[in-house]
Amino acid sequence: MNIAMEKNEIITLTIEDISDEGLGIGHVQAEGCLSGDTAARADEGMAVFVKDSMVGDRLRVRIVKTKKTYSFGRIEEIISPGPDRVLPLCPAARSCGGCQIQEMSYPAQLRLKENKVRNNLRRIGGISLPDEECRGSDSGQQGDKPEYLTPYGSSEDTAKEAAVFCPIIGMDRPYHYRNKAEYPVGRDKSGRLIAGFYAGRTHTVVDGRNCVIGIEENQPILDTVLAWMDRFHVPEYQEETGKGLIRNIMIRCGFATGQIMVVIVVNADRLPHEKELVQTLQNTLAQSISPDEGNVGASSENTGHTGHTGRIWPVRRVTGIILNTNKARTNVILGRKNRTLWGSDSIEDRIGDVRYHISPLSFYQVNPAQTSRLYETALSFADLTGKETVWDLYCGIGTISLFLAEKARMVYGVEVVPDAIANAVENAKLNHIDNVRFICGKAEDVLPQEYKEHQIRADVIVVDPPRKGLEANVIDTIASMNPHRVVYVSCNSATLARDLKLFAEKGYKTVKVQPVDMFPHSVHVETVVLMSRVQK
Ligand code: SAH
């Protein structure tokens, strides 16, 4: 008798591989049917994708969804764990939608990401890359790679002129790295006020006050706001009815300065008991500072306590409390209107020597330790001597542009969001950098137009596009501008690979590839690529 897989069926599986999205992959076996029926299964060999599973895991899995050629399952029981499985630091690692692979050891996470980049570049980009042996060992990985991670292609197709694939840059301590966190406020089953995260794909709030990705100071700040709400009966916002007041608490920290901004997102223009909130929040972190640190002011630097990411960061203090009004019935977190209740309306941070002012609505990279490594890589790939004209496309608030400006003759930044351009201009002034110019518009409009009308030229072009990658006409125009080098910063290695192939057709060869782990415990990976013009 042939048996086909059904929803809710329980099967036994061994996880053999892991998808780019971090789902474990196993295959249905005849003996996997728990009913004891060992008859041939019609679905034998069918792939089952299992959330939160690791390679080598032997699992009892409940089938939750079936498709024609594959299905999805959830772990019922771990019969025996695979070698990469670790206990997650966070008790909500599975229920929270934030982390996808916290139960995977960090070295295994890095291998997964490195292989994702390598496979995409080879498969989609047709890039010739060397095999594993030439990798370094300074990025936290240990041991040999298991066979299942052996990349596509063999040594025969690794041409002499293969690009250099640098080992992924991981974090020394991949916890408490995020400088920004947004916590929706709700109630748990017993009616207690909580702040945390939405459970994956739902709108149920899971307690996440002690999230291990955010800074440790988040918890006392959240506890203070919740205690104030309890004490003065300030109601939380309810999504279903649109009633209530407190929607979200956003906390943002400048790691280099220790300045913390607390943004209370409210369904109104005013707050009851505002003064009491300000008073209690001002004191929250001050109390946790030991007496010998107590005289450290908010703007002091380099005097700080032990860092959480393997670095010494300065003492952290709340330096601004802001009320953000959002009355819209949407799941957009922040409204447009801010009112500073106390302190400063922005925080300052620094990457390398460059200072940035960050207001509640500004875009800013969330992992400062890795951002400086990412920008250093981009800068070293750009190989500037001070004479170059550089274009930085998709420049956001000008972070990379300003970083490059110190070493270039002139930098032009292009960005579509007007507020970001305003921030970029302000940040240039703050740093007394005057060899930059920012242009607001779409890269695919601005670049061809400037090229046609003003015959602009560039020695180096840096691009950092969103996930969908570059428009073909951006690649065409870059190639026509004929720069010596193109540096591509990408958050999506599939579109990166697609674009590298197009660049290759236009005479730009991939020379070096450097993945950077900006988001430990998620499946995302950032990559910096250096392309060089092939001699004609
Ligand atoms: N380089 C910056 C920002 C990178 S994020 C940093 O490191 O901080 C990508 C940026 O591209 C965003 O700021 C987004 O607003 C911008 N963007 C998206 N589509 C664009 C387009 N078609 N043209 C120009 N900029 C665009």
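The analysis underlying the following values was restricted to heavy atoms, covering all of them including side chains, and did not include hydrogens, waters or symmetry mates. Every number for a ligand or one of its atoms is a count from 1 in the order of the listing. Not measured: the values here are computed from a predicted model.
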[X]-[Y] side chain donor-acceptor pair, cut-off 3.5 Å:
{"X": "S493", "Y": "N120", "answer": "yes"}
{"X": "R485", "Y": "S532", "answer": "no"}
{"X": "N326", "Y": "Y237", "answer": "no"}
{"X": "N248", "Y": "Y183", "answer": "no"}
{"X": "Y412", "Y": "D392", "answer": "no"}
{"X": "Q100", "Y": "H521", "answer": "no"}
{"X": "S480", "Y": "Y451", "answer": "no"}
{"X": "S344", "Y": "T319", "answer": "no"}

Query - Atom indices of ligand 1, in the order listed, that fall short of 4.0 Å to a heavy atom of G396 - result: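 So the atoms of ligand 1 that pass are 3 (C), 13 (O).
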Query raised in the report: Which of the atoms of ligand 1 are close to C395, meaning less than 4.0 Å from one of its heavy atoms?
Result: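 Reading through ligand 1 atom by atom, the close ones are 1 (N), 2 (C).
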Report task. Decide yes or no on salt bridge (Lys or Arg N to Asp or Glu O under 4.0 Å) for K506 and D499, but give the supporting numbers first. Result -> CA-CA 11 Å; K506 302 265 169 197; D499 293 347; over 6 Å; no
What protein heavy atom is closest to [atom], reported as residue, atom name and distance in Å?
{"atom": "atom 22 (N) of ligand 1", "result": "E444 OE1, 3.0 Å"}
{"atom": "atom 7 (O) of ligand 1", "result": "Y375 OH, 2.6 Å"}
{"atom": "atom 17 (N) of ligand 1", "result": "V416 CG1, 3.7 Å"}
{"atom": "atom 23 (N) of ligand 1", "result": "A443 N, 2.9 Å"}
{"atom": "atom 8 (O) of ligand 1", "result": "T399 OG1, 2.9 Å"}
{"atom": "atom 21 (C) of ligand 1", "result": "Y394 CE2, 3.6 Å"}
{"atom": "atom 18 (C) of ligand 1", "result": "P466 CG, 3.5 Å"}
{"atom": "atom 15 (O) of ligand 1", "result": "E415 OE2, 2.6 Å"}

How does [X] reach ligand 1, if at all, at less than 4.0 Å between non-hydrogen atoms: by side chain, backbone, both, or neither?
{"X": "D464", "result": "both"}
{"X": "Q365", "result": "side chain"}
{"X": "F403", "result": "neither"}
{"X": "V417", "result": "side chain"}
{"X": "A420", "result": "neither"}
{"X": "F363", "result": "side chain"}

**Report entry** Lys/Arg N to Asp/Glu carboxylate O, D269 vs R339, below 4.0 Å
**Finding:** no
Report task. Would you sort out whether D353 and R355 count as a salt bridge (Lys or Arg N to Asp or Glu O under 4.0 Å), showing the intermediate values? Result -> CA-CA 7 Å; D353 296 330; R355 296 159 68 200; over 6 Å; no
Query raised in the report: Below 4.0 Å from any atom of ligand 1, is there a heavy atom belonging to G441?
Result: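 In this structure, G441 qualifies as a contact of ligand 1 - some heavy atom is under 4.0 Å.
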